Enquirer: 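This is the structure I want to talk about, given as structure tokens.
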Amino acid sequence: MGYEKFLPIADVPGAIIATLGAFALVWLAKRWRVPYFVSLSAVFLLLISYFSVEENLIPAVRRMFPAEYRAAWIPVMITVIFFGIIGTAVCVFIRSRVPAFHSERRHFLRTATAAACAAPALALATGFITRKDFHIREVDVPITGLPKDLQGLRLLQVSDFHTGAFFTVADVARVVDAANQLRPDLAFITGDLITDEYDPLDACLQQLSRLKAASGIWGCMGNHEAFANVERYVQRQAALLGMTFLRRQAVKLKFGASNMNLVGVDYQRRNHPYLQGIEPLVDLSSFNLLLSHSPDVFPIAAQKGFDLTLSGHTHGGQINFEILGKNLNITDFFTPYTKGLYTQPDSSIYVTSGLGTIGMPVRIGAPPEITLIRLCNS
């Protein structure tokens with residue numbers, strides 16, 4: 001039973017429930033005179049707890065719910081809590097700073113509180129509506145000593161579809177159609193095709209097999225392929241469809257007189273040494289490109305001799321806010337490589353913001369992207 005059948009249930013009433021839930025929690029906190037430091041502490045603890053356990057706990061929680069509903073409603077419940085507590089914290093903070101018994105300030109208090117209460121719901125609605133508004137991001141990556149016949153090579157990267165209730169197979173098809181207009185030399189898929197084992201994996205693979213690239217479609221596995229225990233299945237089915245997912249494997253590609261050594265690895269878990277024993281797959285006489293879902297491997301990849309790493313996983317932070325000129329998102333607490341291009345003297349990594357969402361069906365300040373990377377000599 002496909003998630004697309006339940007999309008109206010997930011999208012429309014779910015968004016309404018999340019918005020009303022935010023207003024309800026704000027109203028209750030104001031009525032109960034909750035101290036603002038309690039609400040702020042709750043926000044902090046909620047975010048840290050959720051992002052600390054979601055990689056291992058959320059797949060187990062999902063299995064407790066009927067398959068038809070869990071991918072849709074668990075994110076909605078999290079959305080309600082997240083925006084509700086933030087709204088509560090802001091409103092109570094304003095109330096504590098402006099004494100209610102000063103009549104000359106009551107109008108300001110009412111206006112500021114109303115604005116603060118509306119802000120989370122407005123952010124939710126905007127991020128919900130625009131979460132599928134993907135962009136084409138073109139990036140030139142300068143490489144020191146790049147072989148002549150690799151200069152100008154066009155690399156397509158797509159990632160983190162999380163195909164299901166909030167990013168449907170039809171959405172994947174739209175991405176593929178747009179990507180094919182870019183005429184890449186190579187196409188790369190850097191993991192998280194689905195969220196769990198009940199998502200429409202086969203339909204997603206069918207759509208991705210329509211990607212057109214002169215030198216093939218290549219991929220690596222994400223953490224959600226591991227959670228769903230479908231890594232072998234993905235590799236086998238993708239091969240039948242003309243795509244190659246590399247699982248701690250290397251392949252040599254030739255472009256004119258220049259060689260590219262392409263390496264792909266499974267998701268690198270935080271509590272294990274990154275890229276352990278990868279040295280035999282590195283060819284120091286070639287240009288080495290690594291596909292790794294997790295961007296945290298970058299410093300180790302640079303040490304091992306990889307010239308370029310392509311990653312995803314972070315969703316560009318998914319929810320970003322700019323405060324005093326500085327971008328803030330929860331992902332920054334867990335990795336220094338959130339989105340975009342990062343360089344070291346002899347190595348670079350591009351971290352795509354990906355296309356789908358996880359946890360909450362919302363993107364703020366991290367629009368979904370199709371990435372076209374051009375290699376150039378520095």
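Not measured: the values here are computed from a predicted model. FYI, side chains are in, hydrogens and waters are out, and symmetry mates aren't considered; it's all heavy atoms of this structure. Position 1 is the first residue of the sequence, and the numbers go up from there.
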Enquirer: Are Q206 and Q237 close enough that a side-chain donor and a side-chain acceptor fall under 3.5 Å?
Expert: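 Per modelled atom types, Q206 and Q237 side chains form no pair under 3.5 Å.
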Enquirer: Classify the side-chain pair T195/H162 by whether it contains a donor and acceptor separated by less than 3.5 Å.
Expert: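 There is such a pair between these side chains.
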Enquirer: Is there a side-chain hydrogen bond (donor to acceptor under 3.5 Å, both in side chains) between D332 and Y337 once you walk through the steps?
Expert: CA-CA 8 Å; D332 287 336; Y337 311 110; over 6 Å; no
Enquirer: Within the structure provided, determine whether L208 and F161 are in side-chain contact (heavy-atom separation under 4.5 Å).
Expert: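 Yes - at least one pair of side-chain heavy atoms lies under 4.5 Å apart.
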Enquirer: Answer yes or no: are there more than 12 heavy-atom neighbours, outside N229 itself, under 6.0 Å from its atom CG?
Expert: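 No.
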Enquirer: Between R374 and D140 (salt bridge meaning N to carboxylate O under 4.0 Å), is one present in this structure?
Expert: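 A salt bridge is present here (some side-chain N lies under 4.0 Å from a carboxylate O).
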Enquirer: Could you grab the distance from atom CG of L291 to atom OG1 of T309, nearest 0.5 Å is fine?
Expert: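 Interatomic distance, L291 CG to T309 OG1, rounded to 0.5 Å: 9.0 Å.
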Enquirer: To the nearest 0.5 Å, what is the distance between CD1 (I349) and CZ (F298)?
Expert: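 One gets 6.0 Å once the value is rounded to the nearest 0.5 Å.
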Enquirer: So that I can tick it off, tell me whether D266 and R248 are bridged by a salt bridge, with the cut-off set at under 4.0 angstrom between side-chain N and carboxylate O.
Expert: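 Salt bridge between R248 and D266, a charged N being under 4.0 Å from a carboxylate O: no.
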Enquirer: Is there a donor in the side chain of H313 and an acceptor in the side chain of D192, or the other way round, less than 3.5 Å apart?
Expert: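 No, no side-chain donor-acceptor pair sits under 3.5 Å.
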Enquirer: Please find out if less than 6.0 Å separates the ring center of H224 from that of Y267.
Expert: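 No, the ring centres sit 6.0 Å or more apart.
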Enquirer: Regarding D177 and R174, does a basic nitrogen lie under 4.0 Å from an acidic carboxylate oxygen?
Expert: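 No salt bridge links D177 with R174.
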Enquirer: Any chance the side chains of E369 and T352 put a donor and an acceptor closer than 3.5 Å?
Expert: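 E369 vs T352: donor-acceptor pair found between side chains.
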